[in-house]
K.L.:
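The structure under discussion is supplied below as structure tokens; questions concerning it will follow.
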Amino acid sequence: MVKDKKLKPELASGFIDRKGNELILKDRLIEIIKRNFQLFGFEPLETPGFEISENIGKFLPDEDRPMSGVFGFKDDKDWISLRYDLTAPLARYVGANFNDLSKPFKRYQVGTVWRNEKPGPGRFREFTQVDADVVGTKNILADAEVAILLADTLVKCGLSKSDFIIRVNNRKCLTGILEGLKIKNEKQIINTIRAIDKKDRLGDEGVKSLLGKGRKDESGDFTKGVGLDPKQIKEIINYINTDIEFFREAPDASYDGISKLYDEGIKELTNFFNNTRVSEFRDQIVYSSSLVRGIEYYTGTIFEAELLFKVKNKKGLDIEFGSVGGGGRYDNLVSRFFKNDAPATGISIGLDRLLVAMQQKENNNVENIGPVVICVFEKNQFLASPGKDYDITAPYYKILSMLRSAGIKSEIYSGDGSIKAQMKYADKRNSPAAILYGENEAKLGIVTIKNLKAGKEASTKIQNREDWRKNENIQETVKLEDLVNEIKKLL
RNA sequence: GCAGCAGUAGCUCAGUUGGUUAGAGCACUAGUUUGUGGAACUAGGGGUCGGUGGUUCGAAUCCACCCUGCUGUACCA
């Protein structure tokens with residue numbers, strides 16, 4: 001016989017299957033987050049996975065590489081793309097429905113987004129984002145509200161206040177500083193921002209070389225620099241190292257007057273902190289001069305939630321984790337669709353990253369308990385039952401409905417295996433108990449309950465088969481009517 | 001995209017200076033145990049040695065090209 005060539009059960013790179021405990025925890029987090037967003041007065045919105053490419057594509061990082069980074073194709077009429085975030089679709093939605101919406105408009109959205117980029121450890125091409133935004137106000141109160149919402153949500157998800165900080169800055173400050181240093185070329189500005197964004201990873205020296213001539217990485221690959229002169233570089237490095245203490249209560253005055261834009265940023269930050277300082281997250285929401293965020297469309301306040309504990313990968317090594325959430329003000333995004341001013345501010349939580357982090361917090365280990373398994377004794381018994389002097393089929397369904405109406409996860413074994421195979425199955429499903437109801441039980445009107453949980457514990461001490469078989473206290477027989485109560489004791 | 005490293009069973013890997021029929025552990029199936037999960041023992045299934053071409057009497061092993069993966073870097077709305 002010629003062998004068929006089998007398909008390989010592979011996934012496209014950057015995509016993963018999820019199962020069991022991980023998914024249960026993910027659903028639980030989503031529930032917590034949704035409830036909290038509603039508590040803060042946000043209303044839900046759902047938009048399609050696909051958008052018309054043009055509507056979400058204008059803010060691609062490189063104009064000369066349109067469509068890179070997204071999954072898209074042309075239908076009969078338009079180029080359409082899977083969304084790469086939830087912000088661009090929000091802008092489109094607000095543009096379409098502006099007149100009907102409350103101003104400000106507060107909405108949250110949970111959804112999958114797709115990015116056609118190189119995947120890495122903990123970085124996928126499909127992931128879940130959770131966003132909350134306030135559209136239609138320039139009031140800094142809204143920025144403060146979403147920052148507080150971010151902090152509050154992380155705590156409700158199970159982080160303690162000492163597990164994270166939310167670093168805050170204002171785009172106007174940094175660009176104001178650059179303006180004062182006579183760096184005005186837009187490309188230089190965005191590249192400078194991106195270089196500063198790498199401070200965490202590359203350190204001051206790395207940022208310096210990226211701002212100057214360029215940098216060689218470990219593999220010998222060379223990255224071209226921004227080409228600033230040494231004086232400008234020195235000033236920038238100084239500024240990004242003033243950091244948290246600079247704004248403990250009120251701003252340090254050392255850069256006052258360097259440019260109008262800078263002063264405006266400081267005013268906004270002062271206003272922002274006046275709000276967060278009286279919230280319960282005064283110590284978590286802190287100023288950080290080196291926070292810039294690589295995203296192009298931010299116009300004012302920016303913030304990022306950073307975890308303060310180490311996250312490990314599957315092999316137990318610490319990994320470079322990045323932020324679990326962030327956001328900021330983007331006053332020009334919505335107005336692409338609309339003549340009116342539609343300033344906006346919001347946050348985004350990377351749910352899958354948060355999930356990985358939460359799984360490493362001890363209090364979050366969910367155990368995926370399987371169903372109580374009712375073992376089936378005779379193959380084809382459902383056909384064979386009539387004519388016997390005992391009835392074996394109907395009681396299975398009776399037992400099943402007793403358990404299920406008591407809210408106990410349960411099932412009749414639906415495979416073809418022997419009793420032994422059924423036990424193995426129940427074991428693998430992490431079932432708390434197996435129920436045996438065969439000829440013996442049927443004649444006496446009883447059921448046998450095998451306590452798989454207790455058996456599992458006992459098995460660690462048992463060395464040989466004889467002891468295992470003798471260990472009968474993991475099994476008991478009860479009257480049919482007592483079944484539910486006995487099972488409940490095991491759960 | 002650029003650079004470095006790596007690809008042998010479902011998974012993790014061994015395979016000597018090129019030499020018979022390519023191995024181990026885990027996982028899987030069955031039996032020892034005809035109605036009982038673990039452990040142990042026994043047996044079994046499973047491989048185009050990433051692909052193509054070349055060198056050679058002989059290639060998993062050496063060479064060339066290609067593909068894929070990992071790591072770093074760039075990009076990351």
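Quick note on labels: first sequence line is chain A, next is B, and so on, each numbered from 1.
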K.L.:
Is A:Y297 stacked on the base of B:rA77, with ring centres under 5.5 Å apart and planes under 30° apart?
P.N.:
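No, aromatic ring not over the base.
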K.L.:
In Watson-Crick or G-U wobble terms, both distances under 3.5 Å, what is the partner of B:rC65?
P.N.:
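Paired with B:rG51.
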K.L.:
Please pick, from B:rG35, B:rG37, B:rC28, the nucleotide with the shortest atom-to-atom distance to any side-chain atom of A:F377.
P.N.:
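Closest nucleotide among those given: B:rG35.
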K.L.:
With a non-hydrogen cut-off below 4.0 angstrom, is A:N451 in contact with a base, only sugar-phosphate, or nothing?
P.N.:
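Base, at least one base atom sits under 4.0 Å.
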K.L.:
Do A:Q475 side-chain and B:rG37 base share a donor-acceptor contact under 3.5 Å?
P.N.:
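It does not, because no donor-acceptor pair links the side chain of A:Q475 to the base of B:rG37 below 3.5 Å.
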K.L.:
Can you check whether any acceptor in the base of B:rU36 is under 3.5 Å from a donor in the side chain of A:K420, or vice versa?
P.N.:
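Check fails, no donor-acceptor contact within cut-off.
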K.L.:
How is A:K450 classified with respect to the nucleic acid when contacts are heavy atoms under 4.0 Å: base, sugar-phosphate, or nothing?
P.N.:
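Answer is base: heavy atoms of A:K450 come under 4.0 Å of a base.
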K.L.:
Under the 3.5 Å rule, do the base of B:rG35 and the side chain of A:N440 count as making a donor-acceptor pair?
P.N.:
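Side chain to base: pair found, below 3.5 Å.
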K.L.:
Kindly say whether, by distance alone, the side chain of A:K456 makes a donor-acceptor pair under 3.5 Å with the base of B:rG37?
P.N.:
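In this structure, the two groups form no donor-acceptor pair.
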K.L.:
Give me the distance, rounded to whole Å, that separates B:rA22 from B:rU16 when you measure between the C1' atoms they each carry.
P.N.:
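One C1' to the other, the span is 14 Å.
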K.L.:
Can you figure out which of B:rU73, B:rC75, B:rG38 approaches the side chain of A:L202 most closely?
P.N.:
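Selected nucleotide (nearest to the side chain): B:rU73.
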K.L.:
Quick one: look up who B:rG44 pairs with, Watson-Crick or G-U, both distances under 3.5 Å, and put none if it's unpaired.
P.N.:
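WC or wobble partner is B:rC28.
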K.L.:
According to a strict under-4.0 Å criterion, is A:R201 in side-chain N/O contact with OP1 or OP2 of B:rU73?
P.N.:
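Yes, because at least one side-chain N or O of A:R201 sits under 4.0 Å from OP1 or OP2 of B:rU73.
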K.L.:
Is the distance from OP1 or OP2 of B:rC75 to the nearest side-chain N or O of A:K198 less than 4.0 Å?
P.N.:
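Answer is yes, contact under 4.0 Å.
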K.L.:
When you get a sec, tell me which of B:rU73, B:rG35, B:rG37 is the closest nucleotide to the side chain of A:E439?
P.N.:
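In terms of side-chain proximity for A:E439, the closest of B:rU73, B:rG35, B:rG37 is B:rG35.
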K.L.:
Who does B:rG58 pair with, Watson-Crick or G-U, both distances under 3.5 Å?
P.N.:
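Across all strands, not a single nucleotide pairs with B:rG58.
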K.L.:
Looking at A:T87, A:D133, A:T301, which hits side-chain hydrogen bond (donor to acceptor under 3.5 Å, both in side chains) with A:Y330?
P.N.:
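Of the listed options, the one satisfying the test is A:D133.
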K.L.:
Once you apply a heavy-atom cut-off of 4.0 Å, does A:E457 come out as touching a base, just sugar-phosphate, or nothing?
P.N.:
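It contacts nothing in the nucleic acid.
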